[in-house]
Amino acid sequence: MVRTRFAPSPTGYLHIGGLRTALYAYLFAKKHNGKFILRIEDTDQTREVDGAVDIIISALNKAGINYDEGPIVGGDHGPYVQSERKDIYLKYAAQLIKSGDAYYCFCSKDRLAEIHEKGATKYDKHCLHLSETEIQDRIARGEPYVIRQNIPETGTHTYHDEVFGDVTVDYKDLEDNILIKSDGMPTYNFANVIDDHLMGITHCIRGVEYLMSTPKYNLLYDALGWERPVYIHLQPIMRDSQHKLSKRDGDAGFEDFLKKGFLPHAIVNYIALLGWNPKNNCEKMSMAELINSFSIDGLQKSSSIFDETKMRWLNSLYIKELSAEEFHNAAQPYYAEYYPDKNIDYKYLSELLQSRCEVLADIKERAAFLDAFDNFDLELFVNKKWKTDRAMAKSLIDDCIKATESADLGAALETLAVDRGLKKGQVLWIYRIALTGAAATPGGGEEMVKLFGKNEALRRLKAVKDRLK
RNA sequence: GCCACUAUAGUCUAGAGGUUAGGACGUUGGCCUCUCACGCCGAAGACCCGGGUUCGAUUCCCGGUGGUGGUGCCA
């Protein structure tokens with residue numbers, strides 16, 4: 001049974017890159033009828049953020065990525081929060097010490113700084129050969145210590161990665177990294193191995209930053225007599241060719257995009273395509289379709305740059321697909337914030353806006369005409385293409401009012417054009433400007449009347465008539 | 001510095017030892033149209049550089065360069 005996991009640190013938000021890693025792990029598991037596990041890696045107590053776990057869970061929920069085991073829902077391999085598993089790591093660390101694959105280290109940070117100053121690029125195994133009695137003495141005296149992994153000094157290690165192929169690393173480039181910190185907590189380097197094994201993870205899907213240290217993890221699996229997982233490393237999502245998408249830029253959080261008016265699935269759909277291709281030229285895919293076509297051989301070996309413009313396009317596809325009702329509901333917060341209490345038919349406004357918004361936040365700009373009428377610039381009546389001007393507007397305004405009072409506005413405006421020997425476009429341009437005071441509106445004159453209602457439309461036309469005197 | 005990974009238009013990508021190097025976003029021309037959008041039809045735009053292998057390389061190999069990552073009591 002395939003089991004994958006997403007193991008974020010609780011930093012206070014769900015990064016888009018993290019979301020994609022989670023998505024791939026989820027898609028892969030579901031594609032193979034397996035389980036997807038959520039594990040919280042909170043071993044760095046100094047970076048603890050309150051409520052961070054809830055934020056991650058809620059974001060995954062909105063994204064439609066449902067985990068089978070993890071915090072809150074539980075499972076047979078818990079606890080799923082590393083800080084609650086402290087004793088487990090200590091037990092295996094002791095076992096590694098016994099087998100010689102790890103050792104106590106009492107070196108102070110000062111000493112470490114010192115050897116690095118002298119040109120050392122890694123720890124010098126200074127504490128590797130301490131005698132058993134000395135070790136016990138120093139521990140008894142309460143001296144702080146860490147537990148380090150004992151990496152071979154020579155030789156190379158080759159392992160297979162599903163996207164990068166065979167990866168070879170020279171042991172001399174690897175350090176005897178710390179497994180257990182002086183506060184008794186494990187480092188990622190240790191905890192990920194213990195937990196992945198204990199939680200039955202079969203496929204380890206994570207960022208490339210671990211590509212080179214994976215041999216160290218394999219050494220641990222081997223020392224403990226455990227089977228190694230299949231590795232699938234992922235290149236990062238970039239902001240541009242030299243920077244990763246980062247929280248600093250304010251555009252790396254899943255929730256940030258939700259606030260910008262992106263639909264959750266549009267985001268998921270878009271990032272699925274960043275670094276992976278379904279080989280069928282199909283870009284708009286539901287979660288079920290993503291699961292169905294997901295395959296690791298479509299995974300990219302190079303990093304990709306996040307293109308919000310393209311995500312907007314994809315989002316617009318999903319917005320158009322919403323029912324009128326759904327769009328109207330989604331638009332409410334924007335109406336409430338920017339255009340509350342207007343004397344218009346909001347439901348109809350939603351109909352007009354739906355095909356004109358790529359993201360929900362476009363509502364603000366698209367509906368800006370609602371605030372344009374009072375004291376609008378009368379020069380708007382001048383239109384080069386239609387050869388209209390203020391004088392023409394003045395001569396037509398009375399008939400525009402009459403037309404609005406008639407039962408059939410469309411027919412009345414058409415008749416008006418014929419009677420005056422004008423093109424329909426000329427009359428309609430003037431009519432729409434007189435009605436809205438805006439160069440661009442999400443619909444024509446007749447639609448605007450429907451939006452405002454006959455009374456408000458007449459009020460506006462009469463106001464314009466006064467100004468044209 | 002050392003080590004690892006990587007390289008097709010502005011961006012996401014497809015691709016095979018011989019192709020008119022395919023698709024999408026964006027850009028752009030046009031159509032539609034009472035404005036703005038939608039929609040439809042076109043256009044421009046790419047194989048990082050240098051060697052090698054080969055009849056032939058953008059594709060395979062080596063080197064370089066660029067980019068990223070690792071080199072933490074972060075993950």
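Every heavy atom of this structure was used, including side-chain atoms; hydrogens, water molecules and symmetry mates were not. To find a chain, count down the sequence lines: A is the first, B the second, and so on, and within it residues start at 1.
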Can you label the angle between the A:Y335 ring and the A:H328 ring as parallel, tilted or perpendicular, going by 30° and 60°?
tilted
For A:V169, which contact category applies under a 4.0 Å heavy-atom criterion: base, sugar-phosphate, or nothing?
nothing
Output a table of nitrogen or oxygen pairs between the protein and nucleotides 67-71 of chain B separated by less than 3.5 Å.
from: B:G67; atom 1: O2'; to: A:S241; atom 2: O; distance (Å): 2.7
from: B:U68; atom 1: OP1; to: A:Q242; atom 2: O; distance (Å): 2.9
from: B:U71; atom 1: O2'; to: A:T121; atom 2: O; distance (Å): 3.4

Which value, in whole Å, describes the distance between the C1' atoms of nucleotides B:A9 and B:A44?
10 Å
Do the ring planes of A:H157 and A:Y171 sit parallel (below 30°), tilted (30 to 60°) or perpendicular (above 60°)?
perpendicular
Between A:R39 and A:E41 (salt bridge meaning N to carboxylate O under 4.0 Å), is one present in this structure?
yes
Just name whichever nucleotide pairs with B:A24, Watson-Crick or G-U, keeping both distances under 3.5 Å, else none.
B:U11
Please check this pair: side chain of A:Q149 against backbone of A:K216, looking for a donor-acceptor N/O pair closer than 3.5 Å.
yes
Suppose we call a contact any N or O donor and acceptor under 3.5 Å apart; does that hold for the side chain of A:R356 and the base of B:C36?
yes
Given that both distances must come in under 3.5 Å, which nucleotide forms a Watson-Crick or G-U wobble pair with B:A75?
none
Check A:R111 with A:D124, please: is the shortest side-chain N to carboxylate O separation under 4.0 Å?
yes
Applying the Watson-Crick and G-U wobble criteria at under 3.5 Å, what pairs with B:C40? Answer none if nothing qualifies.
B:G30
For B:C60, measure the glycosidic angle (O4'-C1'-N9-C4 for a purine, O4'-C1'-N1-C2 for a pyrimidine) and name it syn if it falls within 90° of 0, otherwise anti.
anti
Between A:I180 (CD1) and B:G72 (P), how many Å, whole number?
19 Å
For the pair A:N269 (side chain) and A:H265 (backbone), establish whether a donor and an acceptor sit closer than 3.5 Å, ignoring hydrogens and angles.
no
Provide the distance between the two C1' atoms, one in B:U65 and one in B:G23, to the nearest whole Å.
30 Å
Inter-nucleotide P distance (B:A43, B:A21), Å rounded
15 Å
Under 4.0 Å, counting only non-hydrogen atoms across every strand here, what does A:T309 touch: a base, just sugar-phosphate, or nothing?
sugar-phosphate
Please give, in whole Å, the distance from B:A75 P to A:H233 NE2?
16 Å
Who is the Watson-Crick or G-U wobble partner of B:C48, with both distances under 3.5 Å?
B:G64
Distance-only polar pair, side chains of A:Y188 and A:D44, donor-acceptor under 3.5 Å
no
Within less than 4.0 Å of OP1 or OP2 of B:A75, is there a side-chain N or O belonging to A:T43?
yes
A:M311 CE to B:C12 P, in whole Å, measures 15 Å
Tell me the interatomic distance from A:Y217, atom OH, to B:A4, atom C1', rounded to whole angstroms.
14 Å
Phosphate contact (B:C34 OP1 or OP2) by A:K385 side-chain N/O below 4.0 Å:
no
Under 4.0 Å between any heavy atoms, over every strand shown, what does A:L273 touch: base, sugar-phosphate, or nothing? Just pick one.
sugar-phosphate
Closer than 4.0 angstrom, basic N to acidic O: yes or no for A:K465 and A:D398?
yes
Any A:K181 side-chain nitrogen or oxygen under 4.0 Å from OP1 or OP2 of B:A75
yes
Salt bridge (charged side-chain N to carboxylate O under 4.0 Å, His left out) partners of residues 174-187 of chain A, not counting sequence neighbours, each pair once:
A:K125-A:D176
A:K387 NZ to B:C34 P, straight-line distance once rounded to whole Å:
16 Å
A:D362 CG to B:A37 C1', straight-line distance once rounded to whole Å
11 Å
side-chain N/O A:Q82 vs B:A75 OP1/OP2, d < 4.0 Å
no
Interatomic distance at C1', B:G26 relative to B:G10, whole Å:
8 Å
Between B:G64 and B:G1, how far is it from one P atom to the other, in whole Å?
13 Å
A:N277 has an atom CG; how far is it from atom C1' of B:U13, in whole Å?
6 Å
Determine yes or no for a side-chain-to-main-chain donor-acceptor pair under 3.5 angstrom, with A:H116 supplying the side chain and A:L112 the backbone.
yes
Value in whole Å for how far the C1' atom of B:U13 lies from CD of A:Q300
7 Å
Near RNA chain B, under 4.0 Å by heavy atom, which residues of residues 312-321 of chain A?
A:W313, A:K320
B:G56: pairing nucleotide in any strand, Watson-Crick or G-U under 3.5 angstrom
none
Quick check on A:K394: does its NZ atom have over 12 non-hydrogen neighbours (other residues, nucleotides or ligands) under 6.0 Å away?
no
Using only heavy-atom distances, decide whether a donor-acceptor pair under 3.5 angstrom links the side-chain of A:S182 to the base of B:C73.
yes
Phosphate OP1/OP2 of B:G72 contacted by A:K109 side-chain N/O (<4.0 Å)
no
Base B:A7 to side chain A:K301, donor-acceptor N/O within 3.5 Å cut-off
no
Look at all strands and tell whether A:G275 reaches a base, only sugar-phosphate, or nothing, counting heavy atoms closer than 4.0 Å.
sugar-phosphate
Describe, in one word, how the ring planes of A:F306 and A:F257 are oriented to each other, choosing from parallel (under 30°), tilted (30 to 60°) and perpendicular (over 60°).
tilted
